Amino acid sequence: ADTLMPTHLSMATVDVVLDKGYDLQQKPVCKAADEDSTRFTCNGVTVDGLKILTTAHETAHSEADMKVDVDEKQVFEGTMAEVFTRQYEGAK
């Protein structure tokens, strides 16, 4: 598994959550389901106390399918690359 995946997923989750207009109280912490797992979960909290949950599945090196929920409502479903590409394009 990609050891940087939790870090990348955390960054991607932050990007999605901010993009949807929420402010973070706590940066999402991401971890693998188990040592050899390609499945990850990230947990964080918005300033309003809403729960952030990202579930992700590593599909290739440095790539993952991810779903982001805020307050148990899905706000994003797609790939990690889509998140970073969109952020990059938005930053130009």
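No experiment lies behind these values; they were computed from the predicted model shown.
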**Student:** Apply side-chain contact (heavy atoms from CB on, under 4.5 Å) to residues Leu9 and Met80 and explain how you reach the verdict.
**Tutor:** CA-CA 7 Å; Leu9 285 170; Met80 196 163 61; 3.7 Å; yes
**Student:** Under a 3.5 Å cutoff, is there a donor and acceptor pairing between the side chains of Thr85 and Glu82?
**Tutor:**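 No, no side-chain donor-acceptor pair sits under 3.5 Å.
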**Student:** Would you list the pairs meeting disulfide (SG to SG under 2.5 Å) in which at least one residue belongs to residues 17-76, sequence neighbours left out?
**Tutor:**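 Output for this query lists Cys30-Cys42.
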**Student:** Which atom pair, heavy atoms only, marks the closest approach of Thr3 to Pro6?
**Tutor:**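 For Thr3 versus Pro6, the nearest heavy atoms are O-CD, 3.5 Å.
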**Student:** Could you check whether any side-chain heavy atom of Val83 comes within less than 4.5 Å of a side-chain heavy atom of Phe76, counting everything from C-beta outward?
**Tutor:**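 They are in side-chain contact.
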**Student:** If you measure from NE2 on His57 to OG on Ser37, what distance do you get to the nearest 0.5 Å?
**Tutor:**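 If we round to the nearest 0.5 Å, His57:NE2 and Ser37:OG are 7.5 Å apart.
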**Student:** For residues 42-51, which residue pairs pass the side chain to side chain donor-acceptor pair (under 3.5 Å) check, not counting sequence neighbours?
**Tutor:**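 For residues 42-51, and leaving out neighbouring residues, there are no side chain to side chain donor-acceptor pair (under 3.5 Å) pairs at all.
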**Student:** Please find the pair of heavy atoms, one from Glu58 and one from Ala64, that lie closest to each other, and give the distance.
**Tutor:**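 Of all heavy-atom pairs spanning Glu58 and Ala64, the closest is CA-CB, 4.0 Å.
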**Student:** Let me check something: do Val14 and Val29 share a hydrophobic cluster, defined by ILVMFWY side-chain heavy atoms less than 4.5 Å apart, either directly or through other members?
**Tutor:**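 The answer is no; the residues belong to distinct hydrophobic clusters.
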**Student:** Rounded to the nearest 0.5 Å, how far does CZ of Arg39 lie from CG of Asp65?
**Tutor:**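 So the gap between those two atoms works out to 9.5 Å.
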**Student:** Under the rule for salt bridge (charged side-chain N to carboxylate O under 4.0 Å, His left out), what residues qualify as partners of Asp71, not counting sequence neighbours?
**Tutor:**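 Result, salt bridge (charged side-chain N to carboxylate O under 4.0 Å, His left out) vs Asp71: Lys73.
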**Student:** With rounding to the nearest 0.5 angstrom, report the CD to CG distance, Gln74 to Asp69.
**Tutor:**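 The CD atom of Gln74 sits 5.5 Å away from the CG atom of Asp69.
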**Student:** For residues Pro28 and Leu24, report the shortest heavy-atom separation together with the two atoms involved.
**Tutor:**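 Where Pro28 meets Leu24 most closely, the heavy atoms are CD-CD2, 4.2 Å.
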**Student:** Count I, L, V, M, F, W, Y as connected when their side-chain heavy atoms are under 4.5 Å apart, and connections chain through other members. Are Val16 and Leu53 then in the same cluster?
**Tutor:**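 No, no single cluster joins them.
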**Student:** What's the shortest heavy-atom distance between Glu63 and Ala81, and which atoms?
**Tutor:**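 That would be OE2-CB, 2.8 Å.
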**Student:** Is it the case that the side chains of Thr55 and Thr41 hold a donor-acceptor pair, with the cut-off being a distance below 3.5 Å and no angle test?
**Tutor:**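 Side chains of Thr41 and Thr55: no pair found under 3.5 Å.
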**Student:** Could you tell me whether the side chain of Met11 reaches within less than 4.5 Å of the side chain of Phe84, counting heavy atoms only?
**Tutor:**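 Contact flag for Phe84/Met11 side chains = yes.
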**Student:** Quick one: do Leu50 and Ile52 end up in the same hydrophobic cluster if we chain Ile, Leu, Val, Met, Phe, Trp and Tyr together by side-chain heavy atoms under 4.5 Å apart?
**Tutor:**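 Shared cluster, yes.
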**Student:** State the CE-CZ distance between Met5 and Phe40, to the nearest 0.5 angstrom.
**Tutor:**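 It is 5.5 Å, given to the nearest 0.5 Å.
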**Student:** For the CD atom on Glu72, are there more than 12 heavy atoms of other groups (residues, nucleotides or ligands in this structure) within a distance under 6.0 Å?
**Tutor:**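 Atom CD in Glu72 is not packed in, count stays at 12 or less.
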**Student:** For the residue pair Val75 and Lys20, what are the closest heavy atoms and their distance?
**Tutor:**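 Heavy-atom minimum between the residues: O-CE, 3.0 Å.
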